[in-house]
Every structure is written in C-alpha cells, then in structure tokens.
Amino acid sequence: MPTITAKIQIDVPHEHTEMLTKTIHTYREACNYLSAMIFQTKELRQRALHDLYYRELRSRFGLKSQMAQSVIRTVIARYTSARSNGHDWSLVQFKRPEYDLVWNRDYSLNQDRFSINTLDGRVKLRYKKQGMQHFFDGTWKWGTAKLVYKRKKWFLHISMTKEFPELDPTKVNHIVGIDLGINFLATTYDTQSQTTFYPGRTVKHKRGQYKALRKQLQMRQTPSARKRLKQIGSRENRYVTDVNHQVTKALVETYPKGTLFVIENLKHVRSATEKVCVRHRYVSVSWAFHQFREMLEYKAQLNGQGVIAVDPKYTSQTCPKCGHMERANRNKKMHAFECRNCHYRSNDDRIGAMNLYRKGIEYIGTGTTGV
C-alpha cells in the first residue's frame with residue numbers, strides 16, 4: 001500500500017492565526033522538553049514515558065490529552081529514526097514549529113472544512129482543493145497530519161494510503177531498464193529497443209554552483225552567512241526533489257500499464273564511490289537516488305506498473321550482445337563502451353540500461369532477481 005504525503009494549503013483567517021501559532025510553538029517546546037528527558041534517561045518505551053511525563057506535559061504546557069500523547073510519539077519517532085540511521089546518541093532538537101495531528105481526533109473533515117484542535121479549542125478552516133481533488137474521493141485512507149507554517153502560508157502535510165494491487169510478473173507486457181547517473185539522470189532501454197536519455201548536465205552545473213556558494217559562505221562564519229547557508233540548503237533540496245518528480249512522472253506516463261521498470265539497487269552508492277576524486281565526490285554521491293526510487297515505486301504502483309531493484313554489479317562492463325564481461329570494455333572518461341570480444345560499441349549508460357532490461361527478462365522467468 002503506497003503512502004503519499006499530500007500537502008494541502010489551508011486558509012487561516014486573521015482571528016485564528018494567533019491560536020494556531022500559539023499551538024505549534026507550545027507543541028515544539030513540549031517536544032524539546034521531553035527530548036531532553038529522553039536524552040538523559042535513554043528511555044524510549046512509550047508506556048514508560050507516558051507514565052513518567054504525561055501529567056507533566058499537560059500541566060507544564062497546558063496540552064490537551066491527545067496533544068500530550070502525540071508529543072510522546074513524535075519525540076520517540078525522531079530518536080528511533082536517528083538510531084536506525086546509524087547516528088550516535090545525541091540530543092534531538094526541534095527547531096521548526098510543527099504540530100502532529102491524529103485523524104479524527106486532532107483533525108477531521110466536516111462539511112468541506114478542516115476541523116483542527118488547538119490549545120484554545122477547535123477551529124474550522126477552508127482549504128485549497130486545486131490538484132488535490134483525488135484525495136477526497138473516499139478511496140484514500142487518511143493518517144497522521146503535520147501542521148506547518150512556511151513562507152507565510154499554512155499547510156497540512158497529510159499521509160495518505162490506498163490499496164493497489166502489485167503487478168503480477170505473468171501480466172508484464174513491457175520492460176524498461178533504467179540506468180541512473182550524473183551526466184544522464186536516467187537512461188532507459190525498453191522492449192521496443194528504444195533508448196531515451198534524460199540529460200543531467202544542467203543539474204550537475206547548478207549543483208556545482210550551490211557547492212561553490214556554500215564554500216564561500218562557510219569561510220565567512222558570520223550569522224548572516226549561516227542563515228544564507230540554511231536557505232541555500234533548503235532551496236537545493238527542493239530543486240533536487242522537483243527534478244526527481246519530473247523524471248519519474250515522465251517515465252510512468254511514457255509507458256503503458258503492465259510495464260516493469262528495472263533499476264539499480266544503489267543502497268551502497270556512497271561507499272562504492274569513496275575512490276572518486278574529492279573534487280567530484282559531492283556530485284557523485286549526494287544525488288537523491290533513494291528518493292528517485294521511492295517516487296518511481298509509488299507512481300508506478302498507482303499507474304498499474306511495477307518496479308524491481310537489482311544488483312548493479314558489472315552492468316556497465318558486460319556486453320549485452322555476447323555477454324563478455326571485462327573492465328576494459330568501458331571507458332568511463334569518454335562514457336563509451338566497446339566489447340573486447342565482439343567489438344560492439346555504444347554509450348556506457350545505454351549499456352547499463354540494456355543489461356538491466358536483460359535482468360528484467362530473467363526476473364519474469366524466475367521471479368528471484370529483484371532485491
């Protein structure tokens with residue numbers, strides 16, 4: 001069941017702005033208080049934290065019952081996420097004012113308006129439906145929402161889930177191998193022997209500019225420079241996300257239902273590129289390949305398509321015509337491939353896509369290639 005975060009803008013009248021602002025700032029203060037307690041005790045069991053701090057959260061910050069419980073869950077989730085990502089035990093701080101709301105408790109939808117719980121009672125707010133109409137057709141399950149104030153606008157970030165059948169390998173009618181990279185963000189090779197290149201040089205150049213600007217600001221070490229650094233980081237993240245959205249959307253719309261996309265499993269791409277020279281390391285290892293995969297997976301599932309990720313080892317060194325594998329087959333600097341056995345020539349990214357397409361053929365036959 002794919003989960004999508006719907007970002008719905010809500011209209012907040014002037015008379016309700018103070019209520020919402022007070023609520024999100026108090027919620028943040030409560031999260032930071034509980035985070036400090038957890039940092040000292042290393043206690044992450046919800047039941048134990050409830051017994052220890054539930055009454056304190058309500059009396060100290062004036063939280064309502066459901067808000068206090070949400071604070072506990074929010075802080076536990078942040079510590080658990082940090083630990084699962086391999087970070088050392090450190091104090092988690094909540095800097096951005098936000099407020100987690102539980103569906104049908106902290107927020108609900110009544111008569112075409114959102115009813116949101118605040119410290120001073122519930123408020124009913126209109127919202128903008130443009131581009132979001134499909135989420136209100138009754139087929140989506142609504143989950144926890146986050147109330148966010150950003151760029152002088154109010155949003156509800158709501159997690160949405162919907163049941164979609166997974167693509168049956170026996171019903172695959174089209175296969176597309178997708179090689180991911182830097183000079184070409186994606187290179188595809190499909191059942192019709194068609195190759196498509198999604199260029200990435202403009203993206204590479206723009207990210208290089210961001211890197212150079214960050215380096216200059218880091219050398220200044222002034223408050224204004226640090227503020228500017230934060231703005232640049234957020235802007236680059238939005239840019240990368242937008243590019244991934246555009247490419248994945250183009251892929252699922254180009255191919256019909258029943259298409260199987262075969263991509264590389266780039267889980268260990270950072271460790272695999274440690275030998276890249278320092279000057280190019282940032283661009284090589286920092287592209288959001290995992291985000292690309294997640295976007296492609298949920299969009300494909302919504303469109304009656306499927307995605308498998310396979311081991312990328314030797315996909316750019318193996319000849320798709322004769323099967324000969326040799327490192328010398330590939331010239332990475334020239335982005336060229338020439339088989340030392342049969343002398344077949346092509347772009348090295350296209351070769352990778354062709355070999356991924358071949359692995360898709362093997363998956364249909366055995367069902368064991370995906371990882």
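Starting from 1, each residue takes its place in the sequence as its number. Note that the structure is a prediction, hence the values are computed from the model and not measured.
Distance check: L52 CG to R45 CZ gives 9.0 Å after rounding to the nearest 0.5 Å. Rounding to the nearest 0.5 Å gives a distance of 11.0 Å between CD of Q209 and CD of E236. Taking NZ of K215 as the reference point, atom CE of M219 lies at 7.0 Å (rounded to 0.5 Å). With rounding to the nearest 0.5 Å, the separation of NZ in K141 from OG in S159 is 9.5 Å. Note that CZ of F292 is 10.5 Å distant from CD of E264, once rounded to the nearest 0.5 Å. The structure places CD of E166 at 9.5 Å from CD of E163, a figure rounded to the nearest 0.5 Å.
When all heavy atoms are compared, the tightest approach of V247 to A186 is CG1-CB, 4.2 Å. Pairing each heavy atom of N110 with each of S108, the nearest pair is ND2-OG, 3.2 Å. Between V240 and A288, the shortest heavy-atom distance links the atoms CG1-CB, 3.9 Å. Nearest approach of I8 to I158, heavy atoms of both residues: CD1-CD1, 4.0 Å. For the pair Q305 and P256, the tightest heavy-atom approach, listed with the atom from each and the gap, is NE2-O, 3.1 Å. Nearest heavy atoms, Y255 versus F261: CD1-CE2, 3.7 Å.
Using modelled atom types, one side-chain atom of N329 and one backbone atom of R340 make a donor-acceptor pair closer than 3.5 Å. A distance-only check finds a donor-acceptor pair linking the side chain of T23 to the backbone of L119 [under 3.5 Å]. D242 contributes no side-chain N or O that, together with a main-chain N or O of R238, makes up a donor-acceptor pair within less than 3.5 Å. Looking at N355, its side chain does come within 3.5 Å of a backbone N or O of T315 through a donor-acceptor pair. With N331 contributing its side chain and K333 its backbone, the two residues share a donor-acceptor pair below 3.5 Å. Checking side-chain atoms of Q221 against main-chain N and O of Q218 turns up a donor-acceptor pair under 3.5 Å. N85 contributes a side-chain N or O that, together with a main-chain N or O of S81, makes up a donor-acceptor pair within less than 3.5 Å.
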Could you go through the side chain to side chain donor-acceptor pair (under 3.5 Å) check for R58 and Y54 one step at a time?
CA-CA 6 Å; R58 296 202 62 184; Y54 171 76; 3.3 Å; yes
List the steps and the verdict of side-chain contact (heavy atoms from CB on, under 4.5 Å) for I10 and V12.
CA-CA 6 Å; I10 53 178; V12 180; 4.1 Å; yes
Passes side-chain contact (heavy atoms from CB on, under 4.5 Å), Y107 versus N117? Steps please.
CA-CA 6 Å; Y107 83 107; N117 196 19; over 6 Å; no
H50/Q46 under side chain to side chain donor-acceptor pair (under 3.5 Å): CA gap, chis, key distance, verdict
CA-CA 6 Å; H50 182 278; Q46 183 170 337; over 6 Å; no
Run the side-chain contact (heavy atoms from CB on, under 4.5 Å) check on V75 and M37 step by step: do they pass?
CA-CA 11 Å; V75 180; M37 299 298 104; over 6 Å; no
Determine, step by step, whether F135 and M132 satisfy the side-chain contact (heavy atoms from CB on, under 4.5 Å) criterion, reporting the C-alpha distance in whole Å, the side-chain angles of both residues, the deciding distance to 0.1 Å, and the verdict.
CA-CA 6 Å; F135 289 119; M132 298 289 174; 3.7 Å; yes
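Pairs engaging residues 326-357 under the ring-ring contact (aromatic ring centres under 6.0 Å, His included) rule: Y189-Y357 [sequence neighbours left out].
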Please set out all donor-acceptor pairs under 3.5 angstrom arising from side-chain atoms of residues 25-36, sequence neighbours excluded.
from : atom 1 : to  : atom 2 : distance (Å)
H25  : ND1    : T21 : O      : 2.9
T26  : OG1    : K22 : O      : 2.8
Y27  : OH     : S70 : O      : 3.1
Y27  : OH     : V71 : N      : 3.4
Y27  : OH     : T74 : OG1    : 2.8
R28  : NH1    : K95 : O      : 2.7
N32  : OD1    : F94 : N      : 2.7
N32  : ND2    : R28 : O      : 3.4
N32  : ND2    : F94 : O      : 3.0
S35  : OG     : Y79 : OH     : 2.9
S35  : OG     : V92 : O      : 2.5

Atom pairs and distances, donor-acceptor, side-chain atoms in residues 173-180, under 3.5 Å, two or more places apart:
from : atom 1 : to   : atom 2 : distance (Å)
N173 : ND2    : K257 : O      : 3.1

Would you mind writing out the side-chain donor-acceptor pairs for residues 144-152 within the sub-3.5 Å range, not counting sequence neighbours?
from : atom 1 : to   : atom 2 : distance (Å)
K146 : NZ     : E98  : OE1    : 3.4
K146 : NZ     : D100 : OD1    : 2.7

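Between I38 and E43, every side-chain heavy-atom pair lies at or beyond the 4.5 Å cut-off. Looking at heavy atoms from C-beta onward, Q246 lies out of side-chain contact with K249 at the 4.5 angstrom threshold. Using a 4.5 Å heavy-atom cutoff, the side chains of V252 and T254 are not in contact. At least one side-chain heavy atom of K206 sits less than 4.5 Å from a side-chain heavy atom of Y239. Using a 4.5 Å heavy-atom cutoff, the side chains of R293 and L296 are not in contact. Two residues are said to be in side-chain contact when any heavy atoms from C-beta on lie closer than 4.5 Å; Y198 and L251 meet this criterion. Put simply, the side chain of N265 does not reach to within 4.5 Å of the side chain of D311, judged on heavy atoms. Between Q317 and D348, the closest side-chain pair of non-hydrogen atoms is not below 4.5 Å.
Within 6.0 Å of CD in E18 there are 12 or fewer heavy atoms belonging to other residues, nucleotides or ligands. Remark: R122 CZ is packed, more than 12 non-hydrogen atoms of other residues, nucleotides or ligands lying under 6.0 Å away. Around atom CZ of R226, more than 12 heavy atoms belonging to other residues, nucleotides or ligands sit under 6.0 Å away. For K227, the NZ atom counts as loosely surrounded, since its 6.0 Å shell holds 12 or fewer non-hydrogen atoms of other residues, nucleotides or ligands.
For the residue pair T170 and D168, a side-chain donor N or O sits within less than 3.5 Å of a side-chain acceptor on the partner. No donor-acceptor contact under 3.5 angstrom links the side chains of D137 and Q133, judged on distance only. If you check the side chains of E326 and H324, you find a donor sitting under 3.5 Å from an acceptor. For Q291 and N244, the side-chain atoms include at least one donor-acceptor pair closer than 3.5 Å. Using a 3.5 Å distance cut-off with no hydrogens or angles, the side chains of R350 and T187 do not pair a donor with an acceptor. A donor atom on one side chain and an acceptor atom on the other are not found under 3.5 Å apart for K124 and S115.
Taking the ring pair (Phe, Tyr, Trp, His ring centres under 6.0 Å) definition, one finds that F155 meets it with nothing, sequence neighbours left out.
Ring geometry, F136 versus Y127: the interplanar angle falls under 30°, so the pair is classed parallel (tilted spans 30 to 60°).
Follow the hydrophobic side-chain contacts under 4.5 Å out from L63 and you never reach V102; the two are in separate clusters.
Other members of the cluster containing F197 are F184, with ILVMFWY side chains joined at under 4.5 Å, either directly or via other members.
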